[in-house]
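Taking it in order: structure first as structure tokens, then the write-up.
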Amino acid sequence: MKSITLGCNKYEVEALESLGYITSVVNEIISKEFPRYSGDISNLHKYVDHEQINSIRLKIFKKINSDSSIYEKLWDIGGAYISEILGPDVLVQTKVNVSIQAPNDESSTLGIHSDCWSGDTPHQINLWIPLTRSYESNAMFLFNFNRTKLIISDLYKNLNNAKYDLSGYIKKEDFLQLEYGEFLIFNPGLLHGNVVNKTESTRMSINVRYKSLFSPDSKPEHISRSAGIFFKLYRTSEWTKLAKSLDEVNEGG
């Protein structure tokens with residue numbers, strides 16, 4: 001493990017077969033759509049126009065989320081570290097996400113944001129797995145807790161300033177550097193995002209959020225991000241199963 005910023009750790013994938021399986025699912029979808037495709041995801045832009053990027057992303061998204069084995073493959077990759085952080089009783093996001101950053105594709109950019117701004121609780125973690133090398137402007141940028149706090153404080157001070165631009169905070173060193181076979185676990189409450197990819201390489205990544213069964217849920221006004229809707233039960237410890245049974249016994253069930 002290598003901690004690269006407060007709230008984010010980088011790891012090497014030990015379950016390479018599981019990573020290979022996910023990559024093969026993606027390559028199968030691309031090959032069906034583009035027979036000339038070489039099998040190198042980092043060169044996807046040589047076969048797919050910018051106008052086709054979202055279409056192929058949605059096909060990959062649907063395939064991954066219809067594959068019942070994908071959650072186990074993801075857990076093979078990051079589960080040991082996730083359970084160390086969250087404990088044995090784990091909820092998982094109901095949909096696995098797919099991101100594609102092709103060179104010079106302005107439609108795939110996502111400005112500085114915290115997922116909490118859209119209703120997520122910070123009491124969760126994001127498993128982020130690149131299926132290609134992730135570097136420089138094709139990568140995601142991420143700010144640590146201290147910079148997140150500072151930037152959000154400045155943002156609130158400038159809410160009435162229409163010309164205020166958060167992009168000035170982004171520095172070269174904020175972009176995460178990962179090779180294929182490495183992955184991240186980070187708190188999605190930290191500020192992050194991406195910019196126009198100015199490298200000569202496409203970056204594709206998948207991500208999914210996890211949360212403890214017993215950690216605070218999203219706020220009531222963001223019910224769409226709560227357990228049972230945004231999250232589903234994934235792992236339950238024997239102790240929790242026993243506790244639930246005893247609840248029922250003590251209530252006369």
Side-chain angles (χ1 to χ4, degrees), residues 4-5 8 10-11 13 19 22-31 33-34 36-65 70 74 77-78 93 95-115 117-118 120 126-143 165-188 190-209:
I4 52 180
T5 185
C8 177
K10 180 167 68 173
Y11 305 86
V13 175
L19 177 61
I22 295 170
T23 305
S24 69
V25 169
V26 169
N27 275 326
E28 181 180 354
I29 294 297
I30 300 172
S31 295
E33 297 296 318
F34 304 95
R36 294 178 52 251
Y37 170 62
S38 68
D40 183 350
I41 298 174
S42 66
N43 286 326
L44 180 63
H45 56 281
K46 297 180 180 179
Y47 308 91
V48 182
D49 295 334
H50 288 171
E51 293 76 15
Q52 299 170 301
I53 288 290
N54 194 51
S55 175
I56 194 68
R57 186 188 69 82
L58 288 175
K59 285 182 170 64
I60 295 168
F61 174 85
K62 290 178 181 178
K63 177 62 177 179
I64 284 179
N65 283 290
I70 287 294
L74 293 170
I77 293 170
Q93 189 177 351
K95 297 293 183 183
V96 178
N97 297 311
V98 179
S99 296
I100 302 175
Q101 290 290 116
N104 301 309
D105 179 13
E106 296 183 2
S107 68
S108 298
T109 60
L110 189 59
I112 296 176
H113 68 284
S114 162
D115 290 358
W117 295 353
S118 57
D120 284 4
N126 197 330
L127 173 64
W128 192 84
I129 305 171
L131 301 182
T132 58
R133 184 185 176 208
S134 176
Y135 68 103
E136 297 176 8
S137 59
N138 84 6
M140 176 176 66
F141 62 80
L142 178 71
F143 300 121
D165 184 9
L166 288 175
S167 63
Y169 285 99
I170 304 171
K171 301 177 182 177
K172 183 178 180 180
E173 56 266 29
D174 294 321
F175 290 88
L176 302 172
Q177 312 293 308
L178 283 86
E179 300 295 329
Y180 177 80
E182 296 182 318
F183 67 95
L184 296 174
I185 290 177
F186 74 95
N187 190 309
L190 297 175
L191 291 177
H192 58 286
N194 56 55
V195 298
V196 176
N197 177 3
K198 293 299 184 181
T199 74
E200 297 181 355
S201 176
T202 292
R203 184 263 294 172
M204 185 182 297
S205 58
I206 61 173
N207 71 85
V208 64
R209 295 169 178 82

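Basis for what follows: all heavy atoms, side chains included, without hydrogens, waters or symmetry-related copies.
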Is it true that a side-chain atom of [X] and a backbone atom of [Y] form a donor plus acceptor pair closer than 3.5 Å?
| X | Y | value |
| --- | --- | --- |
| N194 | M140 | no |
| T109 | E106 | yes |
| D174 | I170 | no |
| R203 | N138 | yes |
| H192 | S114 | no |
| K10 | Q177 | yes |
| D49 | E51 | no |
| S42 | T132 | no |

Kindly indicate whether the side chain of [X], heavy atoms from C-beta on, has any atom under 4.5 Å from the side chain of [Y].
| X | Y | result |
| --- | --- | --- |
| P103 | E200 | no |
| I129 | L178 | no |
| I112 | F143 | yes |
| I100 | S108 | no |
| R209 | P188 | yes |
| N197 | H45 | no |
| I206 | I60 | no |
| V48 | Y37 | no |

Once you round to the nearest 0.5 Å, how far does [atom1] of [X] lie from [atom2] of [Y]?
| X | Y | atom1 | atom2 | result |
| --- | --- | --- | --- | --- |
| I56 | F34 | CD1 | CZ | 5.0 Å |
| L44 | Q101 | CG | CD | 12.0 Å |
| I30 | I41 | CD1 | CD1 | 5.0 Å |

- Query: Using a distance-only test with no angle check, is there a side-chain donor-acceptor pair under 3.5 angstrom linking S38 and D40?
  - Reply: no
- Query: Does one side chain, of T23 or Y180, offer a donor that lies under 3.5 Å from an acceptor on the other?
  - Reply: yes
- Item | Aromatic ring pairing F183/Y11, orientation class (parallel under 30°, perpendicular over 60°, tilted between) | parallel
